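Written below as structure tokens is the structure these notes are about.
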Amino acid sequence: MSWLFSSKGNRPLAPLTSLQQQKQRQIESLKACHSSIAEIQKDVEYRLPITIKNLTININILLPPQFPQEKPLISVYPPIRHHLVDKQGVNVTCPIVNNFTMHSDLGKIVQSLLDEFWKNPPTVAPNSGSFPYLSGITVIRNQGDAASFPFLPSYPTQESNRSVPEPVPGIYSTSKAAAPSCGLITELPIPVPTSEVGINGFTYKMPELPDTFPELAEFSVSQLSEMVEQDDFLLEQFINLPQLKQIITDKEDLVKNIEELARKNLQLEPILEAKRQMLLEKYELLTQMKGSFEKKLQRQHELSESCSLSALQARLKVAAHEAEEESDSIAENFLEGKTEIDDFLNIFMEKRTSCHSRRAKEEKLQQAISLHSQYHAPL
């Protein structure tokens with residue numbers, strides 16, 4: 001069984017089908033259109049983050065199994081308001097995407113979307129929902145599209161008339177009476193989670209609640225029973241708890257700290273904008289320098305190819321052949337009586353000498369190439 005797991009099998013890989021080759025060409029075109037494209041799932045999902053006027057948008061490209069016979073699903077997050085997307089502000093429904101065919105260029109389509117976003121900047125849609133990507137896979141919003149993606153887990157639809165199972169009564173039942181409807185309830189602070197897991201690195205620990213209340217120890221059972229039915233009394237006792245007062249104080253301190261941090265952030269905004277503009281200028285300069293470097297590198301490669309030993313040898317061979325043909329033509333003219341003997345000797349000897357000199361140089365260069373190839377890579 002070791003041959004099943006051997007990485008050095010002699011069996012060749014199956015050749016790519018025509019559809020797979022076209023899909024690979026489309027993916028290469030997509031990657032070439034922008035350097036920031038990230039591969040979420042190979043040959044399935046790709047994501048491109050862009051920033052337009054301080055608004056960062058993620059363009060998600062999902063390729064169905066029969067792509068490019070089927071059109072790709074292009075969506076954006078967060079939901080935006082733009083004429084290229086649907087009413088929900090998520091799926092791109094412009095004609096260049098809807099009319100996608102096997103002969104379309106996915107890279108050019110995405111580039112045209114970017115150009116249109118730059119010309120007409122989008123705005124964030126109100127009431128944006130949660131992040132539509134689950135474990136690197138986009139949630140298919142239209143049920144008709146789900147059949148085209150069998151590799152995605154099914155997502156249950158939400159029905160308004162579905163039944164909710166009733167809780168099973170038991171010894172661990174934690175049902176409590178409803179809170180009293182009193183005007184003072186709205187003045188209480190927002191409930192603080194008892195868990196120490198915070199948001200954005202912030203943690204808050206609730207004050208410990210006492211097991212007993214000494215101020216209630218003087219009352220009898222009948223008096224306590226009457227107090228339970230008095231909502232105003234219970235609410236007063238609840239508001240006077242030191243733990244609640246501590247929570248209110250902590251809330252006010254947090255609000256002050258947040259406001260102070262917001263002021264500091266506003267003061268740093270011009271500096272951040274200046275740094276961002278400087279970064280954009282540096283990036284533009286880098287792009288220009290990269291283009292200039294690539295042109296010079298191409299020119300250097302062309303010059304190197306033209307001055308290589310094999311190229312020089314080919315030129316010497318051609319030049320020697322041309323000199324030999326010219327000398328033969330001069331000799332024929334002399335035999336036909338078209339050239340004087342003195343002119344013939346001067347011109348003929350000059351061409352013959354040039355021909356033999358070039359052939360000698362070509363032979364020496366061939367020897368040098370043969371000697372060089374024994375100790376170095378081929379030229």
Side-chain angles (χ1 to χ4, degrees), residues 54-56 58 77-79 123-135 139 155-156 158-273 275:
N54 297 329
L55 174 61
T56 300
N58 288 287
Y77 184 84
T123 58
V124 179
N127 301 327
S128 299
S130 59
F131 196 80
Y133 308 122
L134 300 178
S135 302
V139 174
Y155 187 80
Q158 295 181 354
E159 299 178 358
S160 58
N161 58 352
R162 63 180 179 178
S163 61
V164 179
E166 298 180 355
V168 180
I171 59 175
Y172 298 102
S173 177
T174 58
S175 59
K176 297 182 181 180
S181 57
C182 183
L184 293 177
I185 291 294
T186 58
E187 300 176 1
L188 296 179
I190 299 175
V192 181
T194 57
S195 174
E196 294 188 0
V197 179
I199 302 175
N200 295 331
F202 176 77
T203 57
Y204 180 82
K205 186 177 181 181
M206 288 286 292
E208 297 181 359
L209 297 177
D211 297 332
T212 60
F213 296 92
E215 58 271 15
L216 301 179
E218 300 177 357
F219 297 95
S220 62
V221 177
S222 59
Q223 291 176 337
L224 292 176
S225 301
E226 295 177 357
M227 293 178 184
V228 170
E229 299 178 356
Q230 299 177 5
D231 295 339
D232 296 338
F233 176 78
L234 290 177
L235 185 58
E236 182 180 359
Q237 293 294 326
F238 177 71
I239 293 176
N240 291 330
L241 285 176
Q243 291 81 5
L244 180 60
K245 294 181 179 179
Q246 181 64 35
I247 293 176
I248 296 175
T249 303
D250 294 343
K251 175 196 171 184
E252 294 176 353
D253 294 340
L254 286 175
V255 171
K256 292 180 181 179
N257 292 336
I258 292 173
E259 292 177 351
E260 183 64 24
L261 183 60
R263 294 190 189 96
K264 292 181 179 179
N265 289 340
L266 290 177
Q267 294 175 359
L268 295 176
E269 185 177 3
I271 301 176
L272 178 62
E273 186 63 26
K275 296 292 185 182

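A quick note: this is a predicted structure, and the numbers were derived from the prediction, not measured.
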Fill in: E259 and K256 ion-paired at < 4.0 Å
no

Worksheet item: Can you name the nearest heavy-atom pair linking L244 to I239, along with the distance?
Response: CD2-CA, 3.6 Å

Response to the item:
Between N54 and E273, the two heavy atoms sitting closest are OD1-OE1, 4.0 Å

Worksheet, complete the sentence: Output for pair (M227 CE, S222 OG), nearest 0.5 Å, gives 9.0 Å

Item to complete: Hey, could you give me the CD1/CG distance between I258 and D253, rounded to the nearest 0.5 Å?
Response: 11.0 Å

Worksheet item: How about E260: does its CD atom have over 12 heavy atoms from other parts shown lying under 6.0 Å from it?
Response: yes

Worksheet item: Taking atom types as modelled and ignoring hydrogens, do the side chains of D250 and Q246 form a donor-acceptor contact shorter than 3.5 angstrom?
Response: yes

Worksheet item: Taking atom CD1 of I248 and atom CG of L241, what is their separation to the nearest 0.5 Å?
Response: 10.0 Å

